Amino acid sequence: MVNYKSLGLVNTREMFKRAINGGWAVPAFNFNNLEQLQAIIKATSELKSPVILQVSKGARNYANQTLLRYMAEGAVEYAKELGCNHPEIALHLDHGDSFELCKNCVDMGFSSVMIDGSSLPYDENVALTKQVVDYAHQYDVTVEGELGVLAGVEDEVASEVSHYTKPEEVIDFTTKTGVDSLAISIGTSHGAYKFKPEQCTRDPKTGRLVPPPLAFDVLDEIMQKLPGFPIVLHGSSSVPQEYVDMINQYGGKLPDAVGIPEEQLRKAANSAVCKINIDSDSRLAFTAAVRKTLAEKPAEFDPRKYCGPARDLMEEMYKHKILDVLGSDNKLAQLD
């Protein structure tokens, strides 16, 4: 049993309280490799921002759970080296799909876990979520549950269609399960292809897809029923078109990739949404930089020469998300 506190990590409870009170959202960035982690820590340390490092089931299989644990511990020390004396870093399981997986993550030093039973019948989702909460809370590990289904594909999470969260269920669900935060569905989705062309309109000037607005009426109703309760948005990458264009320019093929407009994410962050998940944007930035470098220098074979620029572009993207989307630098509760 590894206690996350011995690794220098924190759970999400206090950071969520400050975010709700301050009208901003905690950045929750998925990572799979060293370059992503370096970029995240450099960005958040410079801005003195709390951060949630998210690890999916697929990432654990890819990178190895033991290595990920030590990478998270190393991230705390790296943040200190960069001048953040008291970093506030949570290690979170994203989209856990079983009690066994969540338990294993708690035992391996995760400070927060998500149990996603949203595809199950309601009563089964409640029972599974409560089982995870009962175990995790023994070790002061916070738990995120989910109501509503997001469409799209990312890692091992996939659904053809989305189903909005039913506001009439949220009080019953949070009361019966004891979750610390709740992921909801209001129109976000996983992956770089968040919307089908038939769901969108096209900008007559650029020809780009314009996605439909998020269902803020559903969010408002949930806020009324759960005032002050931590709400989470999954699938919230904005899919920056400059990265999509760069990928396509250098041999990629991402037609009509479109994400969540940043102004809608800012609006959500100013409400009860205190955690916004971003994964695809990092993948796009990484891929764009690698494709550009290899296209311009086809003889290059040193991974440092193309992963380095990828890391730099991701760091730039993370800073933008923290400052312009999740909360300006004078709104964030800065760490020392």
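Bear in mind that the values here come from a model prediction, so they are computed numbers and not experimental data.
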Can you tell me how far [atom2] of [Y] sits from [atom1] of [X], rounded to the nearest 0.5 angstrom?
X: Thr142; Y: Asp140; atom1: OG1; atom2: CG; value: 8.0 Å
X: Ile89; Y: Leu7; atom1: CD1; atom2: CG; value: 11.0 Å
X: Met246; Y: Thr287; atom1: CE; atom2: OG1; value: 11.0 Å
X: Leu34; Y: Met71; atom1: CG; atom2: CE; value: 5.5 Å
X: Asp279; Y: Leu284; atom1: CG; atom2: CG; value: 9.5 Å
X: His320; Y: Leu326; atom1: NE2; atom2: CG; value: 9.5 Å

Query raised in the report: Do the two ring centres, one from Phe110 and one from Tyr4, sit under 6.0 Å apart?
Result: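 No, too far apart.
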Report task. Might you point out which heavy atoms bring Ile115 and Asp97 nearest each other, and give the distance in Å? Result ->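 Reported closest heavy-atom pair: CD1-C, 4.1 Å.
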**Report entry** Working for salt bridge (charged side-chain N to carboxylate O under 4.0 Å, His left out), residues Asp203 and Lys205
**Finding:** CA-CA 5 Å; Asp203 186 322; Lys205 295 182 179 179; over 6 Å; no
**Report entry** Six-ring centre of Phe216, Lys267 cation under 6.0 angstrom, axis tolerance 45°
**Finding:**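 Yes, cation above the ring, under 6.0 Å and within 45°.
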Salt-bridge test for [X] and [Y]: reply yes if a basic N is under 4.0 Å from a carboxylate O, no otherwise.
X: Glu77; Y: Lys80; value: yes
X: Lys225; Y: Asp220; value: no
X: Lys42; Y: Glu46; value: no
X: Lys321; Y: Glu316; value: no

[Y] backbone acceptor or donor facing [X] side chain under 3.5 Å:
X: Thr293; Y: Val290; value: no
X: Asp281; Y: Val239; value: yes
X: Thr175; Y: Asp172; value: no
X: Glu198; Y: Cys200; value: no

Does either side chain, that of [X] or that of [Y], offer a donor lying less than 3.5 Å from an acceptor on the other one?
X: Lys319; Y: Thr44; value: no
X: Asp94; Y: Asn30; value: yes
X: Tyr318; Y: Ser282; value: yes
X: Lys275; Y: Gln54; value: yes
X: His234; Y: Asp116; value: no
X: Tyr70; Y: Asn64; value: no

Query raised in the report: Do Leu128 and Val232 share a hydrophobic cluster (ILVMFWY, side-chain heavy atoms under 4.5 Å, transitive)?
Result: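 Unlinked, Leu128 and Val232 end up in two clusters.
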Query raised in the report: If two hydrophobic side chains count as joined below 4.5 Å and joins carry through other members, does Tyr62 share a cluster with Leu91?
Result: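 No, Tyr62 does not connect to Leu91 through the hydrophobic network.
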**Report entry** Enclosure of Tyr122 OH (heavy-atom neighbours >12, cutoff 6.0 Å)
**Finding:**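 Yes, enclosed.
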Query - Side-chain touch Asn33/Phe286, heavy atoms, less than 4.5 angstrom - result: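 They are in side-chain contact.
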Requested in this report: Report the residue from Ile41, Val10, Leu9 that forms a side chain to side chain contact (heavy atoms under 4.5 Å, CB included) with Val76.
Outcome: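 With Val76 as partner, side chain to side chain contact (heavy atoms under 4.5 Å, CB included) holds for just one option, Leu9.
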